J.: 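I have a structure I would like to understand better, so I am pasting it below and will then ask my questions one at a time.
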Amino acid sequence: QVQLVESGGGLVQAGGSLRLSCVASGRTFSSYAMGWFRQAPGKEREFVAVIRWDGGRTYYADSVKGRFAISRDNAKNTVYLQMNSLKPEDTAVYYCAADRSNGLALTSYEYDYWGQGTQVTVSS
């Protein structure tokens, strides 16, 4: 079992930056691919970014490409999402998730463990 805890959300003006963190419990973190998803009010949860177990590959949604960066520190059991040039449409609850199959999965049902989410609000 893996427990994930996100932090770093908050209120920021458009054009600003935030860095989200997700700390995982357990010894198997380094063998999982890790993803970030987000869900805005009234919308479905959507893929944001994913990183392979070793950090060697990443993939981003088109809507965040060039603005967001996913990274991980396996020694700290932590995955990060650096968010720059934030826009009001980035407002959502952001979730991290772990994929035991270690694929670069883009759909939420492929992930096995989820955090509770952290709110990001971008004001215009």
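Treat the numbers as computed from the prediction; the structure is a model and nothing was measured. Each residue takes its place number in the sequence, starting with 1.
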J.: Residues in side-chain contact (heavy atoms from CB on, under 4.5 Å) with Glu6, at least two apart?
T.: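 Cys22, Trp36, Tyr95, Cys96, Gln116, Thr118.
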J.: Listing request: all ring pair (Phe, Tyr, Trp, His ring centres under 6.0 Å) pairs with a residue in residues 39-70, at least two apart in sequence or in separate chains.
T.: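 Pairs touching residues 39-70 that pass the test: Phe37-Phe47.
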J.: Does Ser25 reach the main-chain N or O of Gln3 with its side chain, forming a donor-acceptor pair under 3.5 Å?
T.: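 Checking the backbone N and O of Gln3 against the side chain of Ser25, a donor-acceptor pair under 3.5 Å is found.
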J.: Tell me whether Tyr113 shares a hydrophobic cluster with Tyr94, the cluster being built from Ile, Leu, Val, Met, Phe, Trp, Tyr side chains joined at under 4.5 Å.
T.: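 Hydrophobic grouping puts Tyr113 with Tyr94.
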J.: When you compare the side chain of Asp90 with that of Val120, does any pair of heavy atoms fall below 4.5 Å?
T.: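 Val120 does not reach Asp90 side chain to side chain.
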J.: Within this structure, what is the CD-OG1 distance for the pair Gln13 and Thr121, rounded to the nearest 0.5 Å?
T.: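 The CD atom of Gln13 sits 13.0 Å away from the OG1 atom of Thr121.
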J.: Return a table of donor-acceptor pairs under 3.5 angstrom between the side chains of residues 81-89 and protein atoms on other chains or two or more places apart.
T.:
| unit_1 | atom_1 | unit_2 | atom_2 | d |
| --- | --- | --- | --- | --- |
| Gln82 | NE2 | Asn84 | OD1 | 2.9 |
| Asn84 | OD1 | Ser17 | OG | 2.9 |

J.: Could you name each residue pair satisfying disulfide bond (SG atoms under 2.5 Å apart) that touches residues 26-74, not counting sequence neighbours?
T.: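 Checked against disulfide bond (SG atoms under 2.5 Å apart) - neighbours excluded - no pair reaches residues 26-74.
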J.: I would like to know whether Val2 and Phe29 meet side-chain contact (heavy atoms from CB on, under 4.5 Å); could you show each step before the answer?
T.: CA-CA 8 Å; Val2 175; Phe29 171 82; 5.9 Å; no
J.: Could you report the tightest heavy-atom contact between Ala97 and Tyr111, atom names first, then the distance?
T.: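 What the structure gives for the nearest pair is CB-CD2, 3.5 Å.
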J.: Would you mind listing every disulfide bond (SG atoms under 2.5 Å apart) that reaches into residues 43-83, with sequence neighbours excluded?
T.: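 Sorted pair list comes back empty.
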J.: Should the heavy atoms of other residues, nucleotides or ligands under 6.0 Å from NZ of Lys43 be counted, would the total exceed 12?
T.: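 Not more than 12 within 6.0 Å, no.
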J.: Are any side-chain N or O atoms of Asp73 and backbone N or O atoms of Thr78, one a donor and one an acceptor, separated by less than 3.5 Å?
T.: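 Looks like no, no N/O pair under 3.5 Å.
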J.: Locate the shortest heavy-atom distance separating Ala40 from Thr91; write the atom from each residue and the value.
T.: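 Smallest interatomic distance, heavy atoms only, reads CB-O, 3.7 Å.
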J.: For Ile70 and Met34, which heavy atoms make the closest approach, and how far apart are they?
T.: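 Residues Ile70 and Met34, closest heavy atoms: CD1-O, 3.7 Å.
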J.: Please check if Leu106 and Leu104 belong to a single hydrophobic cluster, counting links between Ile, Leu, Val, Met, Phe, Trp and Tyr side chain heavy atoms closer than 4.5 Å.
T.: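 Per the 4.5 Å side-chain linkage, Leu106 and Leu104 are co-clustered.
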J.: So if you build clusters from Ile, Leu, Val, Met, Phe, Trp, Tyr with side-chain heavy-atom gaps below 4.5 Å, do Trp114 and Ile51 land together?
T.: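 In one cluster: no.
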J.: Looking at Arg72 and Ala33, what are the two nearest heavy atoms and their distance?
T.: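 Where Arg72 meets Ala33 most closely, the heavy atoms are NH1-CA, 4.1 Å.
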J.: Does Val12 share a hydrophobic cluster with Leu20, counting links as ILVMFWY side-chain heavy atoms below 4.5 Å and allowing steps through other members?
T.: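 Same hydrophobic cluster.
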J.: Going by heavy atoms in the side chains, are Arg38 and Ser63 under 4.5 Å from each other?
T.: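 Of all side-chain heavy-atom pairs linking Ser63 with Arg38, at least one is under 4.5 Å.
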J.: Which hydrophobic side chains are connected to Tyr80, either touching it within the sub-4.5 Å cutoff or through other members that do?
T.: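 Result for Tyr80 is none, singleton.
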J.: Taking Asp99's backbone N and O only, do any of them form a donor-acceptor pair with Asp112's side chain (distance below 3.5 Å, no angle check)?
T.: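 Here the side-chain-to-backbone pair does not exist.
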J.: Are Val48 and Leu18 linked, directly or through other ILVMFWY residues, by side chains that come within less than 4.5 angstrom of each other?
T.: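 Both belong to a single hydrophobic cluster.
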J.: Locate the shortest heavy-atom distance separating Leu11 from Ser123; write the atom from each residue and the value.
T.: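 The answer is CD1-CB, 4.3 Å.
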